[in-house]
There are 2 protein chains.
Amino acid sequence: MTEKKKTRIKIRNEEKIRVAALKLFSAYGFHGTTMEKIAELADMSQPNLHNYFKTKADLYEAVLNDILTVWVDPIGSLDVEGDPETELRFYIVKKVEMARKYPEASRIFAGEMLQGAPILMHHLKGPLRMKVRAFSTVIESWIRQGKIRPVDPVHLIFMIWGSTQHYADFMPQIRAVMDVARLNKSDFDAAAESICAIILRGLAPVG
Amino acid sequence: MTEKKKTRIKIRNEEKIRVAALKLFSAYGFHGTTMEKIAELADMSQPNLHNYFKTKADLYEAVLNDILTVWVDPIGSLDVEGDPETELRFYIVKKVEMARKYPEASRIFAGEMLQGAPILMHHLKGPLRMKVRAFSTVIESWIRQGKIRPVDPVHLIFMIWGSTQHYADFMPQIRAVMDVARLNKSDFDAAAESICAIILRGLAPVG
DNA sequence: CCTACCGATCGGTAGG
DNA sequence: CCTACCGATCGGTAGG
């Protein structure tokens, strides 16, 4: 019983650390974040952190792995049997929704890219590349069937990623340009609609 | 004469420092870069750096200002009298060219955004917002004239920025997915062509 | 422009 | 899980 209690506290504390670390790493980067600040935000002493994560680098890696599961994985694949417009719209809307719901995940991922992806390179060359391959296969099939115009599938997916993630990663710029204190759901919806309209129209076959 | 010689050396050294700082700040961020490493790359002693830039923050700001002049300013405005397709194509091609030629500038700018743009916020709310306003005016004029489909000009420019800068900021991901060691000019050209094709077709009026 | 060095911060450990 | 503390690093300065 005492054992069980301890374990529950440990699980809860570890979660608190992960949440605090995600927030700070995403806002200040790896080097701009101190273990002391993470400890504060997680309401613990700094030395105690090391009971849960041996080193700062370990904690950072743990946070990155958390992100991969919520950020990259849930992006389902396109259904080749489906209607291209419906399928791509769903995908784009989902990506914008992710940028809105998990901006910190997006930013920590972006920060990792800016630094050359030292930790995530393995994931990029493995699982992510496979995802793009599956995506490309569907796009190419649609092109062969004349359902969409000929287009390089890889550049298409980069275009979708770039334009959707932009709303999370460049939020200060977007807020400044739009002159709003905060982006609310309707702003994101408008963004998704604009992106969908242009890309779907851009891909629509002649006639 | 001795004075002149000194000045020339000083100018040359300051330039060396700026170049070294841009390279390291863009790769490792502000906190991940040490004055010692900048000094090494600039072939100087670390204390000597402080004769040219009082503090690390001053040097960082100087680098950011350098970037604004080469990264944001030269993006000419759209010519409202011109053909939308020609004008937008020119703009997109130029943006991709900038991502290819000045990836470090793009990355340091992106890093600044990720951290909330503490230093660049003034620029975003001033000059940059004006640029977007000018861009929007032209787009709206084209829409009124039926030259392009109705579209939110602000989301359009975000879409162009997002999809073009992506090739500089997310280069590790792009290289991993495309399975190439380096992106050469033809890759960037293909990217520009894909982006142009989809966006221009997406904006083309009915008929 | 260099040598020498400072004060502060930070990640991590000892020991209980 | 805490107190106390370490070794190392780093930005910046003194003094010449």
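Chain A is the first sequence line, chain B the second, and so forth, proteins listed ahead of strands; every chain is numbered from 1.
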Quick check: are there more than 12 heavy atoms from other residues, nucleotides or ligands sitting under 6.0 Å from NZ of A:Lys16?
yes

Return the value, rounded to whole Å, for the distance between atom CZ of B:Arg12 and atom C1' of C:dC1.
16 Å

Length of the line joining B:Met44:CE and C:dC1:P, which is rounded to integer Å
6 Å

Which nucleotide sits closest to the side chain of A:Asn48: C:dG11, D:dC1, C:dC2?
D:dC1

Write down the distance between CZ (A:Phe53) and C1' (C:dG11), rounded to a whole number of angstrom.
16 Å

What's the closest nucleotide to the A:Tyr52 side chain, out of C:dT13, D:dC1, D:dC2?
D:dC1

Taking the minimum atom-to-atom distance to the side chain of A:Pro47, which one of C:dC1, C:dG12, C:dT13 wins?
C:dT13

What integer distance in Å separates B:His50:NE2 from C:dC6:P?
17 Å

Given the rule in the salt bridge (charged side-chain N to carboxylate O under 4.0 Å, His left out) test, do B:Arg89 and B:Glu193 qualify, once you have shown the distances and angles that lead to the verdict?
CA-CA 9 Å; B:Arg89 174 179 292 277; B:Glu193 198 39 57; 3.1 Å; yes

With ring-ring contact (aromatic ring centres under 6.0 Å, His included) as the test, would you mind laying out the steps for A:His155 and B:Tyr167 before giving the verdict?
CA-CA 10 Å; A:His155 287 304; B:Tyr167 286 85; 5.7 Å; yes

Considering residues, nucleotides and ligands other than A:Tyr52, do more than 12 of their heavy atoms fall under 6.0 Å from its OH?
yes

Which of C:dG11, C:dC1, D:dC1 is nearest the side chain of B:Asn13? It is C:dC1

Once you apply the 3.5 Å cut-off to both distances, tell me the Watson-Crick or G-U wobble partner of D:dG16, or none.
C:dC1

Here the distance between atom C1' of C:dT9 and atom NE2 of A:His31, to the nearest Å, is 15 Å

Where the side chain of A:Thr34 is concerned, which of D:dG12, C:dC10, D:dC1 is the nearest nucleotide?
C:dC10

Atom-pair distance (CD on A:Glu14; P on D:dC1), nearest Å:
12 Å

Among the nucleotides D:dG11, D:dC1, C:dC1, which one has an atom lying closest to any side-chain atom of B:Asn51?
C:dC1

Go through C:dG11, D:dC1, D:dG12 for me and flag the one nearest to the A:Met35 side chain.
C:dG11

Can you find a donor-acceptor N/O pair under 3.5 angstrom joining the side chain of B:Glu36 to the base of D:dG11?
no

B:Glu97 and its salt bridge (Lys or Arg N to Asp or Glu O under 4.0 Å) partner, picked from B:Lys101, B:Lys94, B:Lys95
B:Lys101

Length of the CD-P vector between B:Gln46 and D:dT13, whole Å:
11 Å

Distance in angstrom units between A:Leu59 CG and C:dG12 C1', rounded
14 Å

Answer yes or no: does a side-chain N or O of B:Ser45 lie under 4.0 Å from OP1 or OP2 of C:dC2?
yes

Under a 3.5 Å limit for both distances, which nucleotide forms a Watson-Crick or G-U wobble pair with D:dC10, could you say?
C:dG7

